[in-house]
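First the structure, in the form of structure tokens, and then the observations on it.
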Amino acid sequence: MFEKLIEMFSYPFMVRAILVGVMVSLCSALLGVSLVLKRYSMIGDGLSHVGFGALAIAAAVNAAPLTFAIPIVILAAVLLLRISGNSKIKGDAAIALISTSALAIGVMVISMTTGMNTDVYNYMFGSILAMSTGDVKMSIVLSAAVLVLYILFYQKIFAITFDETFALGTGVKVNLYNTLIAVLTAVTIVLGMRMMGALLISSLIIFPALTSMRICKTFKSVIINSAVISVICLFIGITISYVWATPAGASVVVVNLGALILYTMIGVVKNRSFLSGK
Amino acid sequence: MALIRCENISIAYEGQTVVHDLSFQIGQNDYICIVGENGSGKSTLVKSLLGLKAPAKGRIELGDGLKANEIGYLPQQKDVHKDFPASVYEVVLSGRLNSRGFRPFYTAADKSKVRQNMELLGIRDLERHCFRDLSGGQKQRVLLARALCATKKLLLLDEPVTGLDPIVTQEFYQLIHQINKTSGIAVVMVSHDIEAVVEYASHVLHLQETALFFGTAKEYKASEVGKTFLGGGAHV
């Protein structure tokens, strides 16, 4: 087992995948807590589909994938947030609209240029080989920026997640911070989606938050726990993917599912002993 | 100088005027209750007092060094907090946010203020408890502590006793009364509980798109409006 690990780290593409994966899973775990609690989980899913469309177009016009996709997905994120806030089309329907449209456009573009081939498969389900050295640098810089911003605005993010009305009343610029969360989410999703796949990236946002909420009772502990769970699950997932040659994205999701089940069971046992203790 | 003075304000909501030609003032140490039927513009007025909705006409003046973001606000109960993982301490601490500005972290002074207010409301021992596991009355105390952390001068309570049982409701009124008397913090409360209003409040503002009545609680009891509303308690 240990030898396998050393062998795994001797491949530059594996090191790149793990580096980017750790950073992205950290960011998505932190943001995920707010998104899940604010009932915005589906935004992550919608954005990943927009990201798919953007990457397809980027490939068709030979643009650099990340620099092309990030602004588009940020735009979509801000738009989605506005729509869920005030509109005749309700949030969930709007997300479904936008995400399927983006998916369809992406598929059209791909079929007109390269044809439906392994590229599409890789976009959908992710590929561990997707990251070039340039991408890795950019991913690390951007995710570091996401982390720093998150920590700097942690107190405000807590306030607007817990109670928007009170936050507004005490002069917190709620719209600004909601937009900040959306933008950070957009960046995180684009960074992670080529490795995790457009269909699976939103799991990185939802799973760790839900998992740690099974047993943690304070916001801070939920945040820290999510971050730790997310990174550990990612690492195990990628190792599984390396050892058994399974797709990286799917492996990570399966490990996350395992963690959720484990935490749910611990939560049930804890509650029961708590009740009987009373 | 009053804390807040409203002069002939009209507030419109999506093109429709909800409140018109309303004048009243909130002085230091006042305990003002805003009463009125559903849809009489109470919630809209609360938004305007918080500075979230500018009046379409007239002026809302803040005096005595009160700033719009320094009003201790206790929002209406919603069930959004049902599954929210947060400790009591974290919730109360978030009340200090308005004193932070763009500085990201809380100071020792913020934390001692939080402890002090939790002590005052008798929830110090709940500090580490999870907010979602508390009873309705305890939750309201926690949110009141948060509101106290946000203000030195004025509490704005939007239907704070909705859903509380009678005993807890009485305790809550006592608590507000005590804070108003001892800390010298003015209280503005939107309420449906008319009996308690006339018992505790110093002033009453009866809202029906405009001020049907504004004056002391004693005068209100003697007034025509007050008598009708108090007598016909059917819609409480």
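Computed from heavy atoms alone, side chains included, the values below leave out hydrogens, waters and symmetry copies. Convention: sequence-line order gives letters A, B, ...; per-chain numbering from 1.
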Problem set entry | Gap separating the CD atom of A:Gln155 from the OH atom of B:Tyr106, nearest 0.5 angstrom | 4.5 Å

Seminar exercise, completed: So NZ of A:Lys217 and CG of B:Asp133: to nearest 0.5 Å the spacing works out to 4.0 Å

Using non-hydrogen atoms only, which part of [X] is less than 4.5 Å away from chain A: side chain, backbone, both, or neither?
{"X": "B:Ala150", "answer": "side chain"}
{"X": "B:Arg96", "answer": "neither"}
{"X": "B:Val46", "answer": "neither"}

Problem set entry | Other residues, nucleotides, ligands: >12 heavy atoms within 6.0 Å of B:Arg128 CZ |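 Check fails, neighbour count at 12 or below.
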
For chain B, which candidate among [options] shows the most heavy-atom pairs at distances under 4.5 Å?
{"options": "A:Ala167, A:Gly169, A:Cys216, A:Gly171", "result": "A:Gly169"}
{"options": "A:Val33, A:Val36, A:Leu168", "result": "A:Leu168"}
{"options": "A:Val172, A:Val222, A:Thr165", "result": "A:Thr165"}

Any side-chain heavy-atom pair of [X] and [Y] under 4.5 Å:
{"X": "B:Val91", "Y": "A:Phe166", "answer": "no"}
{"X": "A:Thr170", "Y": "B:Glu70", "answer": "no"}
{"X": "B:Glu90", "Y": "A:Lys220", "answer": "yes"}
{"X": "B:Pro85", "Y": "A:Met213", "answer": "yes"}

For this session: Measure distances from A:Thr161 to the heavy atoms of chain B and classify the residue's part below 4.5 Å as side chain, backbone, both or neither.
Result: both

Problem set entry | Nearest heavy atoms of A:Lys156 and B:Arg103, plus distance in Å | NZ-O, 3.9 Å

For this session: Go through the steps for A:Phe219 and B:Ser87 under the test side-chain contact (heavy atoms from CB on, under 4.5 Å), then give the verdict.
Result: CA-CA 7 Å; A:Phe219 193 71; B:Ser87 68; over 6 Å; no

Problem set entry | Between B:Gly72, B:Ser94, B:Cys130, the one whose heavy-atom pairs under 4.5 Å with chain A are most numerous | B:Cys130

Exercise. With under 30° as parallel and over 60° as perpendicular, where do the rings of A:Phe162 and B:Phe84 fit, or are they tilted in between?
Worked result: perpendicular

